[in-house]
Amino acid sequence: MTFAADPEASARWWGELLDVPVKVDVSDSGAVYAWVEHDGVELGFHPADDKRNPRGGSPVVYWGVDDVDRARERLLAAGCEHHRGPLTIERVRRIAQLRDPFGTIVGIEGP
């Protein structure tokens, strides 16, 4: 789960990129939690709250990919911005981090 100013918009962007449906739950208070599921992984977006759950205060979600460079280029073309990397962590493992259009940092890892 990550925190976003507009959880539904964040989930819709990722849903479109991954070609998966968006799921939305609205609480009695009107707060929106939205998420997508892809290959058994749920990526959820909770409303950011500067006191309890500030945007940027959440962990970085890493997606395993077959080709870091190709996945990074796809994310950049879809509207992400460079954040960090690509870095070689081990001989056969590389990582990169990007910022999606809503400010969430996402990581990719693979060869």
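Atom set for the values below is all heavy atoms of this structure, side chains included, hydrogens, waters and symmetry mates excluded. Only a predicted model underlies this, so the values are computations on that prediction, with no experimental measurement involved.
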* Structure fact -> Scanning both residues in full, the closest heavy-atom pair of Ala34 with Pro7 reads CB-O, 3.7 Å
* To do: Apply side-chain contact (heavy atoms from CB on, under 4.5 Å) to the pair Leu18 and Trp63, showing each step before the final yes or no.
  => CA-CA 12 Å; Leu18 298 171; Trp63 293 88; 4.0 Å; yes
* **Over all atoms of both residues, closest heavy-atom pair of Val68 and Ile108** => O-CD1, 3.5 Å
* **Pair Val106-His83, side-chain contact (heavy atoms from CB on, under 4.5 Å): steps then yes or no** => CA-CA 9 Å; Val106 63; His83 182 69; over 6 Å; no
* Asked: Have Asp100 and Trp13 got a donor and an acceptor in their side chains that come within less than 3.5 Å?
  -> no
* Asked: Looking at side-chain heavy atoms only, is the closest gap between Leu17 and Arg74 below 4.5 Å?
  -> yes
* Closest heavy-atom contact between Pro47 and Ala31? -> CG-CB, 4.1 Å
* To do: Hey, could you give me the CD1/CZ distance between Ile105 and Arg99, rounded to the nearest 0.5 Å?
  => 3.5 Å
* To do: For the pair Arg12 and Glu16, find out whether any cationic side-chain nitrogen is under 4.0 Å from an anionic carboxylate oxygen.
  => no
* Nearest non-hydrogen partners of Val20 and His38, listed with the distance -> CG1-CD2, 3.9 Å
* Asked: Only one of Gln97, Arg93, Arg94 forms a side-chain hydrogen bond (donor to acceptor under 3.5 Å, both in side chains) with Glu109, so which one is it?
  -> Arg93
* Asked: If you look at every heavy atom in Val36 and Trp14, which pair is closest and at what distance?
  -> CG2-CB, 4.4 Å
* Structure fact -> Between the OH atom in Tyr33 and the CZ atom in Phe45, the distance rounded to the nearest 0.5 Å is 9.0 Å
* Kindly give the heavy-atom pair with the smallest separation between Leu76 and Glu81, and that separation in Å. => CD2-C, 4.0 Å
* Which value, rounded to the nearest 0.5 Å, describes the distance between Phe102 atom CZ and Cys80 atom SG? -> 10.0 Å
